[in-house]
Each structure stands twice: as C-alpha cells, then as structure tokens.
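Residue numbers start from 1 in every chain, and the chains themselves are labelled A, B, ... in the order their sequence lines are given, proteins ahead of strands.
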Protein chains: 2
Amino acid sequence: MNKHIPPPADTASSPIYDALRRDLVGGRFAAGEKLAINALKEHYQVGLSPLREALNKLAAYGLLIQENQRGFRVPKLSREELDDIARLRTELEGMAFERAIAHGDAVWEADLLAAAHRLKRADVSLDKGEEWERLHTQFHRTLVAPCGSVWLLRFIEQLHDQFDRYRRLGPKMPSIRQELDEQHHQLVELALNRDGKAARALMDDHIHKSYEVALARYQAHT
Amino acid sequence: MNKHIPPPADTASSPIYDALRRDLVGGRFAAGEKLAINALKEHYQVGLSPLREALNKLAAYGLLIQENQRGFRVPKLSREELDDIARLRTELEGMAFERAIAHGDAVWEADLLAAAHRLKRADVSLDKGEEWERLHTQFHRTLVAPCGSVWLLRFIEQLHDQFDRYRRLGPKMPSIRQELDEQHHQLVELALNRDGKAARALMDDHIHKSYEVALARYQAHT
DNA sequence: TTATTCAGAAAAATCGATTTTAAATAAAAT
DNA sequence: ATTTTATTTAAAATCGATTTTTCTGAATAA
C-alpha cells in the first residue's frame, strides 16, 4: 500500500528519547539540574526501563551527564564550551558544506530550495517556535547532506544540538534573526552556483553570527 | 588515604560497558552479528538491566546498531566506511595535534615521552596484545590531549574505536608494525620541537599507513 | 563553634517475572 | 509448486518490587 520507504533510522529512537532530547536541546531543563527519575516517569507517562534506556543513550550522546550511582544531570553551560562548539562547528560544517557542493546532485538542489522555502514560510509564533526550530535544523542538515561522510554528519548533528542549548536560552529575539534568515538564502544561492570557496566563507560568517547571538543569550542568562 | 585524584570520567562507565566496548573494538563479535542478550547475560555474568543500559550507550556511541524491536547488532564493515573514518581521522587528529603542539606545556612533554616509552617497552605477545593496544590508544590520546577542545577529543576517540574495528581484524602482523612504531617516536620528537607543520604532515602519513594496514586486513577478512 | 558519627529517609540501580512483539514453522489455499 | 494464513516458539521490551547506595540532619564529641 504505502510505497514510501521509511527513513533508515541510524539509531532506533523511541518516543521518550525524542521527547527528552527535544526538551533538553530546547532548554526545558535548567543547566546543572539533577533529573528526578520518578518525576520524569510521571511527566512523560512512561515506564522506568524505557526511560532509563533513553537517559543512558542521551548520556552517551552528550546531552546528559551520568554520575557513578548518583543519577543523571543536565550538563552545565560555559563560555569555554560555547567557544569550543562554535569553533568546531565552523571547521566541520564548513568542510561538509564544501564537500556537499562538490558532490550534491540536482535532487539536492531541489531539496535545498524546498527546505529554504519551508523555513522562510514557517510561522515563528507557532508552538513556541518549535516548528521553526525543526525546519531550521532540517535546513542546515540539508546543506551538508551529500558531503559523503556519515561520521561527519553525525558529529555535526551532535554539535548542532549542543550549540542550540546556548542559542535557545531565554525568549525569542527577532531582531538579529532577520540577518541570519537572509544568509540562509544566500547559502542556497552559493551552493546552486557551486561556489565552494565563497559558500564556506559565508558559512563561517553565518556560524559566527549565530555564535554572537548564543553568547549574548548565555551572558544574559547567567 | 589515597591522594590520587580519580580521572574525571565524562560518562560514568560500568564494568559491563567497558568489557563490551573492549570486545566490540577488539573484534570478538562478528560484524553484522545479532547479539543474543541472554547469552551475553551469562557470558559477562551480569543482570539484564545493567546489560541493556550498556548496550543502549554503545548504540548511541556507534559501536552497535539498535533496530526497532529487534534487538542489537554489530555494525557491518565496509570499504566506504573505512575510507570515511580514515579521512576524518586525518582531518581531526591533524587539527588536534597542531593545536596540542601550540598549547601543550612541559607536563605534556613529559607525558608524551612516558607514553611513548611505555608503548615501546610493551610486551606485544602479552594478553593477546591487549596491553599493547591499551598503551597505543593511550599514546595517541596523549598526543592530542592539550588541544583545548573536549568535543574534538571526544570525536577523535570515537573515530579511533571505529578505526580499530578494521585495524584489529585477524591476527597480528609484526612486519608493518616496525615502521609505524618508528613514526610514534618521530611524532614525539616533532612535538617537542614544536614543529606543528611537520608534525601534522607526519600524522597524516601515520594515519595513511595505518589505513593501508586496516584496508589490507579488511580485504583479507571478507 | 566545628567536625564527626550515626540513624532515618530518599533515590538509584538491579533483579525476576510478565507482557508484548517478531521470527519460524506448519497448514491451507490459490 | 508457490503463496498466504495460522500457529507455535523464541526473544525483546516492559513492569513491579527488592536491594543497594547516597543524601540529610540531628546528636555527640573535640
């Protein structure tokens, strides 16, 4: 009946894993907070075993800290780590984008235009901006998708999640958003023109501007 | 009593996690093999819950594939993935080594010499070479340790484990080993001389030679 | 006051058993 | 003979309860 091929899920993700990851990246938990397992069990309406398995996976992924027999905590935030993450993002995402531009085909070009369009049209006020965030992540994923390295994509995804813990602190800030949105379209343009060098330069600048936003929020948040 | 400060375990690792990781990297399980949980439970003499939590962490780490409700499998090996891993190792480890040379202090220099010496003196025939492998991993870890990026170190560690799944296929091969051992000492020398450029070039060559060993083993293994 | 020890309480980790799901085999139908 | 459908078997996932460990705070001693 259904001709659509399901996405080849690299790691089988359960509903509880997805929900926790979303809430951790979205800043629903305070940094440094110790998670009360029984409270989570109630809040997410899930059994102990699936919950613990999700927490273990998130700890291995880097969104939680697991201490000896002392349960799980949300990792602290620090200026040093934000700098680290932003710098690595610049290196890895730039590398991946250049490779994607070298190898991406016509289908990729169409995907890029589609992802950019959906992001532009997204209603930022809907669902606390969650829908916009989803499309934004998907857009950046599409930019680097045909880079040819599954491990590079994996690391980039991980860094994105970490970066977003800083970028999504506090409430919305539509002022800077404007400039970043424009860059999204310029990134697509340079990709379609196969200008790898300029594309990478713009990606560097894009990440740097996002970094400034994230840093400002981090400093306002402390 | 004990004045030694325990290593700041990033992710709390249980005995069962360490054992499984060691055996997965060491090739004790066949690639593509489906893990029989009850058999593991017996073999490692451990309860179901700690075992499952370890398996979940290893899946998030990339040493296992977790399928919908179909348990865990050992990831397949492929030429494409080996190439991917080797290429990324070259980029990331080269980057980290250069940064380490720029920032490493006198303590690092001493650690380097010590790690290289221990590796040289290691008895390769002992414990199926497990002790040599441990020291080899530790040596490479030391090379990049003061690079200043915990996330970069994390990714490099992960890639090392993946790479070793290929490199450690089949029995020992002492012939090529000689040349690689010499490079270890040259890497230390260039690091002590703070010659970042030359050090990175040698690191590139070192990984490339290791890659050739791993590739030969992979092809012999199929 | 400061530090130390010892309950009591709370929480995490683990275990054993149950439920659910997928795989394998056999029977029936096209 | 091949495909389809039941039935059985095996394994994975989940649950509830138990055990173990850590945390808290009061009481004692320095």
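- Nucleotide D:dT18 holds its P atom 19 Å from the CG atom of B:L48, rounded to whole Å.
- The pair B:E130-B:R28 meets the salt-bridge criterion, since a charged nitrogen lies less than 4.0 angstrom from a carboxylate oxygen.
- Phosphate proximity of D:dT21 to A:R70: absent, as no side-chain N or O sits under 4.0 Å from OP1 or OP2.
- Protein atom CG of B:L64 is 13 Å distant from nucleotide atom P of D:dA12, rounded to whole Å.
- Following rounding to the nearest Å, B:E53 (CD) and C:dA13 (C1') show an atom-to-atom distance of 7 Å.
- Atoms CZ (A:R52) and P (C:dA11) sit 14 Å apart, rounded to a whole Å.
- Judged by closest nucleotide on DNA chain C, A:I37 is the one of A:I37 and B:V46 placed further toward the 5' end.
- Nucleic acid contact class of B:L35 (heavy atoms, under 4.0 Å, all strands): sugar-phosphate only.
- The CG-P distance, from B:N56 to D:dA12, rounds to 13 Å in whole Å.
- Here D:dC15 is the nucleotide among C:dA13, D:dC15, C:dC15 with the atom lying nearest to any side-chain atom of A:S49.
- Judged by the 6.0 Å and 45° rule, B:R217 forms no cation-pi pair with B:Y166.
- Remark: B:K34 is not in phosphate contact with C:dA23, judged by side-chain N or O atoms under 4.0 Å from OP1 or OP2.
- When each of B:F72 and A:Q69 is assigned the nucleotide of DNA chain D with its nearest heavy atom, B:F72 is the one assigned upstream, toward the 5' end.
- The pair A:R154-A:E157 does not meet the salt-bridge criterion, since no charged nitrogen lies less than 4.0 angstrom from a carboxylate oxygen.
- Salt-bridge check for A:R87 with A:D83: failed, with every basic side-chain N at 4.0 Å or more from each acidic carboxylate O.
- Taking atom CG on B:N68 and atom P on D:dA13, their separation rounds to 9 Å, with Å as the unit.
- For A:D181 and A:K120, the salt-bridge test fails: no basic side-chain N is under 4.0 Å from an acidic carboxylate O.
- A:E67 places its CD atom 16 Å from the P atom of C:dA11, with the value rounded to the nearest Å.
- Distance A:N38 CG to C:dA12 P: 7 Å, rounded to the nearest Å.
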